[in-house]
Amino acid sequence: MVRKFTFGRPFPTDAVVKTYPAQEGTLPYFTNTEESLVLTLEKGAPVYGLGEQVRGINKRGWIYTSNCTDNPHHTETTRSLYGAHNFLIIGGASPFGIFIDYPGTLTFDIGYTRSDTLRITPEDWNLDIYLIETEDHLPASIVHTFRQMIGRSYIPPKWAFGYGQSRWGYKDEADFREVAETYAENGFPLDAIYMDIDYMERYKDFTVSRERFPDFPGLVNDLKEQGVHLVPIIDAGVKMEEGYPVYEEGVEKGYFCKEEDGTPFVGAVWPGKAHFPDMLNPEARRWFGLHYKFLLDQGIEGFWNDMNEPAIFYSEKRLNKVFDEVAELKGQNLDLEKNDRFLGLVNTLANHPEDYRSFYHEPGNGMDRVRHDKVHNLYGYNMTRAAGEAFEELEPDKRILMFSRASYIGMHRYGGIWQGDNMAWWSHLLMNIKMMPSLNMCGFLYTGADLGGFGGDTTEDLVLRWLQFGIFTPLMRNHSAMGTREQELYRFSNMESAKKILELRYCLLPYLYSEYMKAALHDEMLFRPLAFDYPQDTQAVQVEDQLLLGESLMLAPVYQPNAEGRYVYLPEDMLLITTTGPEDIRLKLMTAGHHYVPVAENELIFFLRKGHLLPLAAPAKNTAAVDDTRLQVIVWPGTEASYTLYSDDGVSKDYENPANLSDIQLSSDGRITYTGALERNLTLWN
């Protein structure tokens with residue numbers, strides 16, 4: 001079912017956890033030219049995968065490049081985003097999967113140059129290719145097999161499924177207390193407040209500003225007593241500063257990436273000039289990971305890793321080169337050609353390919369040093385791996401929240417991702433929707449986008465519509481950039497509508513958490529395209545703005561401004577659920593086919609599948625207060641249904657304990673039968 005083909009001398013990425021012997025002979029399906037792998041695509045056959053990428057669920061018609069890139073203003077013409085996820089499902093009469101385990105730049109031309117041709121082009125031919133075939137040739141089975149190859153998806157603590165508020169611009173203790181207090185005063189549930197770079201002392205990793213946070217452990221504890229977790233950011237670049245222990249230790253032990261001559265590479269990010277830990281060196285990785293202890297010891301239980309593509313504002317040597325070339329233009333008339341040259345010098349300082357080709361990693365274990373651009377896509381993965389492995393050592397019996405910006409397949413075992421720095425654009429809400437199943441295919445279950453948009457000034461209707469989708473995503477975080485409109489939910493005139501939708505998230509948590517855990521433990525997808533569950537339905541493959549969530553639900557979010565409804569395709573009869581919040585849930589039986597469904601601005605809709613049920617808890621102020629022992633159950637009237645509920649303490653790692661599972665059975669006459677270790681009070685919703 002899985003065949004491995006090795007070309008050249010691949011760099012070991014540790015993306016695949018199972019061992020497969022390399023096959024002899026030629027790679028099936030593809031023609032191998034000197035530059036590319038080439039495959040003729042069947043007419044109309046979809047191509048799925050690539051995880052974090054632009055455009056649709058079906059990837060046909062564009063060129064995509066795996067090259068972890070900091071690009072917050074991405075549009076549909078963008079080719080690279082923050083992650084590199086080289087997994088595809090090639091549709092047709094006999095679909096199959098392909099994973100190219102290659103950490104350098106890899107280009108996928110999926111019907112762009114020629115509409116019937118897939119062309120995969122690596123920068124060099126040192127790679128492993130895995131072909132994945134299943135007996136039933138179903139995309140869902142191919143994904144399941146791939147997920148078993150790459151290992152179990154990361155499992156966060158249960159509190160990480162609550163709502164989180166974030167903004168680049170919260171600067172001191174008073175800001176964080178104000179956010180927590182104002183959310184509480186207005187009756188909004190809240191589980192986390194995220195700390196961006198301003199909490200640090202001059203942007204130095206593993207420091208806290210004593211001036212702005214005179215009693216940081218006290219703040220952490222005070223908020224935790226209110227049910228609110230502080231989640232600080234950690235950046236990839238380590239500030240160059242005498243007397244800063246992380247910098248001095250890294251230099252002394254040779255743990256930073258190096259220039260060709262062996263001196264530490266100097267790049268600039270938020271703290272100015274910085275060195276970058278060699279995350280591919282196991283000793284350096286452990287050294288960096290153990291520094292998280294500084295914040296764990298002060299009560300912190302979650303982190304987010306950023307700037308780890310790695311993003312580089314400029315390198316010292318390239319900046320000097322640009323200054324020299326710009327000086328040549330001083331006093332000249334900058335005509336079109338010279339102006340273009342000037343802008344080309346200044347505007348391309350950040351993240352320049354020349355810089356990524358200029359420093360090296362020393363991976364140890366007898367391996368030769370490797371130039372960074374050859375393994376660029378592994379950096380963010382291994383930064384998060386550093387944290388994940390350290391947590392296993394420092395907190396072996398406790399789940400710690402961890403998610404990252406940059407990633408490669410394999411990182412999904414150590415943390416989730418947020419979908420990068422997006423914009424307050426309706427198109428980015430739609431991109432968020434379409435990206436969810438593609439990321440799930442690649443093992444990234446704990447994920448979500450910045451609700452309301454990170455960059456630019458958002459609008460109240462965009463925040464509300466994004467919130468209506470965001471209540472279903474595992475990572476649910478409202479995050480915005482300094483200088484943009486403030487978008488905490490209590491700042492809007494339609495505050496009550498936002499609050500009711502947010503309350504619904506906590507009602508849904510027993511189902512959302514249960515489905516997440518089952519997907520993680522069984523190597524399945526949480527979010528799926530309709531075509532995966534309805535493979536014989538020719539219409540389902542065309543639908544990209546509706547998603548299946550877990551076993552019971554189909555989502556149909558509104559993602560356009562001023563819309564008062566939307567068209568929905570039902571592949572089978574379903575139960576329409578229309579709601580403005582926990583106290584207003586309306587049910588309507590809908591037949592299979594095409595429908596226009598009204599959806600007011602303060603409403604959201606979703607659908608329950610026949611033969612399934614939806615358990616709902618009462619509203620709660622945070623995840624700790626959600627009572628999953630008293631549940632109401634929504635079911636298709638007059639039908640039999642069953643559901644396996646997963647519930648645990650949300651902190652420990654006793655995932656396989658049978659006591660975590662309980663079974664709910666509903667007979668056609670409305671009787672509920674329950675079996676499980678934990679006593680539960682279950683009633684039919686009406």
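Residues passing the ring-ring contact (aromatic ring centres under 6.0 Å, His included) test with His229 are Trp159, sequence neighbours excluded. Residues meeting the side-chain hydrogen bond (donor to acceptor under 3.5 Å, both in side chains) test with Trp304, sequence neighbours left out: none. When the ring-ring contact (aromatic ring centres under 6.0 Å, His included) test is applied to Tyr414, no partner is found at least two apart in sequence or on another chain. By the salt bridge (charged side-chain N to carboxylate O under 4.0 Å, His left out) test, Asp196 is found to be paired with no residue, residues two or more places apart in sequence or in another chain being considered. Applying the side chain to side chain contact (heavy atoms under 4.5 Å, CB included) criterion to Lys621, with sequence neighbours excluded, gives Ala625. Scanning for side-chain hydrogen bond (donor to acceptor under 3.5 Å, both in side chains) contacts around Arg167 gives Ser480, Thr484, with sequence neighbours left out. By the side chain to side chain contact (heavy atoms under 4.5 Å, CB included) test, Arg212 pairs with Lys171, Asp172, Ser209, sequence neighbours left out. Applying the side chain to side chain contact (heavy atoms under 4.5 Å, CB included) criterion to Asn221, with sequence neighbours excluded, gives Glu225. With sequence neighbours excluded, the residues forming a ring-ring contact (aromatic ring centres under 6.0 Å, His included) with Trp270 are Trp168, Phe313, listed by chain and number. Residues satisfying the side-chain hydrogen bond (donor to acceptor under 3.5 Å, both in side chains) test with Thr182, not counting sequence neighbours, are none. For Glu173, the side chain to side chain contact (heavy atoms under 4.5 Å, CB included) test picks out Arg177, Phe213, Pro214, Leu219, with sequence neighbours left out. For Asp545, the side-chain hydrogen bond (donor to acceptor under 3.5 Å, both in side chains) partners at least two apart in sequence or on another chain are Tyr559, Arg566.
Once rounded to the nearest 0.5 Å, the distance linking OH of Tyr408 with OG1 of Thr384 reads 15.5 Å.
No side-chain heavy atom of Met435 sits under 4.5 Å from any side-chain heavy atom of Gln53. When side chains are defined from C-beta on, Tyr48 does not count as touching Phe87, because their heavy atoms never get closer than 4.5 Å.
Seen from the ring of Phe454, Arg485 does not count as a face-on cation partner, given the 6.0 Å and 45° thresholds. With a 6.0 Å cutoff to the six-membered ring centre and a 45° limit on the axis angle, Lys239 does not count as a cation-pi contact of Tyr203.
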Exercise for review: Report the C-alpha distance between Arg491 and Glu488 in whole Å, list the side-chain angles of each, state the deciding distance to 0.1 Å, and finish with yes or no for salt bridge (charged side-chain N to carboxylate O under 4.0 Å, His left out).
Suggested key: CA-CA 6 Å; Arg491 298 190 183 278; Glu488 293 83 5; 2.4 Å; yes
